[in-house]
Amino acid sequence: MAAVLRCMECGTEYPLDEMRYRCDCGGLLDVAHDLPSLGISRELFDGRTGARGPEPWRRSGVWRFRELVLPVDGDLIVSRPEGDTPLYRNPVISRWVGLEGFALKHEGENPTGSFKDRGMTVGVTWARALGVRAVACASTGNTAASMAAYAALAGLTAVVFVPAGKVALGKLAQALAYGALTLEVEGDFDAAMALVQESCRELGIYLLNSLNPFRIEGQKTIVYEIVQDLGWDPPDWIVFPAGNLGNTAAFGKALWELRELGLIPRMPRLAAVQAAGANPLYRSFVRGFSPLEPVRAETVATAIRIGNPVSFPRAVRALRWTGGVVVEVTDQEIMDAKAVVDAAGIGCEPASAAAVAGARKLVSGGVIGRDERVVAVLTGNLLKDPEATIAYHTGDLPGIVPRFANYPRRVVPSLEAVAEVLEEVGRWS
Ligand code: F0G
């Protein structure tokens with residue numbers, strides 16, 4: 001059997017190349033691979049690590065796992081290449097979180113600065129295979145930046161729908177620079193998400209939000225890579241920020257597949273972290289996975305400022321499969337965690353720091369044991385959101401106490417002025 005699209009609710013199957021995002025019953029679709037027929041092994045993937053060659057995709061941490069991602073001809077692949085991101089360990093961050101076995105998978109070190117490139121290389125490659133001319137997405141910024149870049153590489157028209165005034169500067173700059181038609185929707189992300197779905201349906205544009213099952217296939221490789229980075233000995237927990245819930249969905253599917261294939265002996269538990277002001281999944285979780293009740297979202301972490309997540313059912317499935325948990329963190333906790341990650345010389349955007357804040361909270365609450373091995377996913381680069389970083393350090397973020405502030409000191413051009421500041425700060429000699 002070749003790969004098909006399969007409804008997660010009723011199991012109805014559709015051909016892979018049918019252009020649809022939902023089943024007739026309304027359920028979300030999975031790309032279902034015929035796992036036993038794929039003939040894959042740890043050695044196959046290990047053998048491809050560090051591969052070189054003229055085609056960029058051979059170096060990609062997404063296409064390394066191509067049998068589990070998308071059966072497609074290599075000539076069609078649009079790749080920067082993406083993935084193959086570092087797994088950092090840092091004693092200062094580990095101590096702050098309260099775990100010795102703590103590592104950070106830095107997805108902000110992807111080509112456009114976020115994990116979205118992993119889904120987008122697959123989504124845009126598939127758009128090409130289908131022969132579409134235009135692609136669209138709603139976005140809090142990173143999906144827009146990534147889609148704009150990959151669409152430009154593939155020669156496709158890109159249309160991005162972003163919430164007006166709520167997109168971090170680096171992301172907006174990327175969307176414009178990569179040439180996407182950028183629509184600033186007068187409303188929040190959830191309004192933009194509803195509008196892009198209607199627009200794609202009515203205007204015949206290919207939708208590249210994570211509703212699209214091919215995006216999920218690319219994002220699964222974050223988990224494949226983490227497990228491979230650890231020599232196929234999975235961590236006890238994978239902790240990550242959760243907004244529209246594409247990653248939650250992708251991580252669950254990846255782990256389920258790895259276990260079905262016998263590539264891992266046991267499943268890590270997933271810990272999805274939400275901002276307290278944008279927490280519909282958390283609210284559902286604490287009520288034993290009650291039905292989704294959308295919220296009006298507000299948080300400093302604009303990437304996850306989402307109140308009505310489209311992948312909610314797949315996320316619940318992922319958390320059930322893995323014995324997962326959901327935790328919420330305040331904006332203060334997010335910005336403190338960001339300051340700690342940044343000052344370690346690693347750096348990330350606010351939403352990514354939510355993962356670190358969430359890990360710390362789960363450790364202090366006793367959910368994660370201090371001797372457990374935990375990988376947190378940093379989803380986006382420090383440079384994505386310079387306004388939030390500077391506003392934190394200068395004390396200009398409303399409601400946030402800058403506990404780890406490092407504000408700039410203005411000096412007249414004289415040695416005395418420099419010496420005076422050094423004396424005042426007292427961190428020298
Ligand atoms: N972290 C960052 C940096 C993000 O940009 C996003 C989502 C998430 C976490 C949450 O991931 O949606 O899979 O639960 N950004 C989307 C966007 C919504 O439009 O760029 P999720």
Side-chain angles (χ1 to χ4, degrees), residues 105-110 112-120 123 136-149 160-163 166-168 170-172 174-175 180 182 185 188-190 192-193 196 207-212 215-216 218-220 222-223 239-254 270-275 278-282 297 299-312 314-316 318-319 326 329 334 337-338 341 347-358 376-385 388:
K105 182 72 170 166
H106 207 328
E107 290 297 306
E109 300 192 6
N110 269 296
T112 77
S114 83
F115 72 94
K116 304 289 181 180
D117 295 341
R118 292 194 187 249
M120 215 46 85
C137 67
S139 179
T140 55
N142 280 324
T143 304
S146 182
M147 193 191 81
V160 305
F161 294 61
V162 296
K166 292 293 180 186
V167 176
K171 306 173 189 182
L172 184 60
Q174 285 179 293
T182 301
V185 180
D188 58 13
F189 168 83
D190 301 300
M193 189 68 229
V196 77
L207 180 65
L208 277 180
N209 276 100
S210 55
L211 191 64
N212 184 316
R215 282 269 317 275
I216 301 289
Q219 287 174 209
K220 287 187 318 190
I222 300 172
V223 161
V239 189
F240 53 94
N244 213 18
L245 308 183
N247 258 353
T248 317
F251 291 7
K253 186 169 188 280
L270 294 180
V273 186
Q274 293 215 289
N279 62 354
L281 182 66
Y282 174 74
T299 168
V300 68
T302 52
I304 50 174
R305 190 172 172 274
I306 296 172
N308 190 15
V310 285
S311 281
F312 178 81
R314 305 199 260 232
V316 171
L319 293 165
V326 186
V329 291
I334 289 172
K338 175 171 151 57
V341 173
C348 65
E349 67 163 285
S352 314
V356 177
V377 181
L378 296 180
T379 46
N381 196 284
L382 168 66
L383 294 174
K384 289 283 191 172
D385 195 346

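Note that the structure is predicted; figures quoted are calculated from it, not measured. Atoms within a ligand are numbered from 1 in the order they appear, just like the ligands themselves. Quick note: numbers below take in every heavy atom, side chains included, and nothing from hydrogens, waters or symmetry partners.
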Identify the protein atoms, limited to N or O, that lie within less than 3.5 Å of an N or O atom of ligand 1, and list each pair with its distance to 0.1 Å.
| residue | atom | partner | partner atom | Å |
| --- | --- | --- | --- | --- |
| ligand 1 | 1 (N) | T379 | OG1 | 2.7 |
| ligand 1 | 5 (O) | N142 | ND2 | 2.8 |
| ligand 1 | 12 (O) | N244 | N | 2.8 |
| ligand 1 | 13 (O) | G246 | N | 3.1 |
| ligand 1 | 13 (O) | N247 | N | 2.8 |
| ligand 1 | 14 (O) | G243 | N | 2.7 |
| ligand 1 | 14 (O) | N244 | N | 3.2 |
| ligand 1 | 14 (O) | L245 | N | 2.8 |
| ligand 1 | 15 (N) | K116 | NZ | 3.0 |
| ligand 1 | 19 (O) | S139 | OG | 2.7 |
| ligand 1 | 19 (O) | T140 | N | 2.8 |
| ligand 1 | 19 (O) | T140 | OG1 | 3.3 |
| ligand 1 | 19 (O) | T143 | OG1 | 3.1 |
| ligand 1 | 20 (O) | S139 | OG | 3.4 |
| ligand 1 | 20 (O) | N142 | N | 3.1 |
| ligand 1 | 20 (O) | T143 | N | 2.8 |
| ligand 1 | 20 (O) | T143 | OG1 | 3.0 |

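L281 contributes atom CG, which lies 11.0 Å from atom OG of S311 (distance to the nearest 0.5 angstrom). In this structure, NE2 in H106 is found 9.0 Å from OG1 in T379, a value given to the nearest 0.5 Å.
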Could you pull out every donor-acceptor pair under 3.5 Å between side chains of residues 241-248 and any protein atom, sequence neighbours left out?
| residue | atom | partner | partner atom | Å |
| --- | --- | --- | --- | --- |
| N244 | OD1 | V310 | N | 3.0 |
| N247 | OD1 | Q219 | NE2 | 2.9 |

Quiz item: Would K171 and V162 count as a side chain to side chain contact (heavy atoms under 4.5 Å, CB included) if you check the C-alpha gap in whole Å, the side-chain angles of each, and the deciding distance to 0.1 Å?
Solution: CA-CA 10 Å; K171 306 173 189 182; V162 296; over 6 Å; no
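The minimum heavy-atom distance linking S146 with M120 is given by the pair OG-CB, 3.3 Å. Minimum interatomic distance between I304 and A351 (heavy atoms only, all atoms of both residues): CG1-CB, 4.0 Å.
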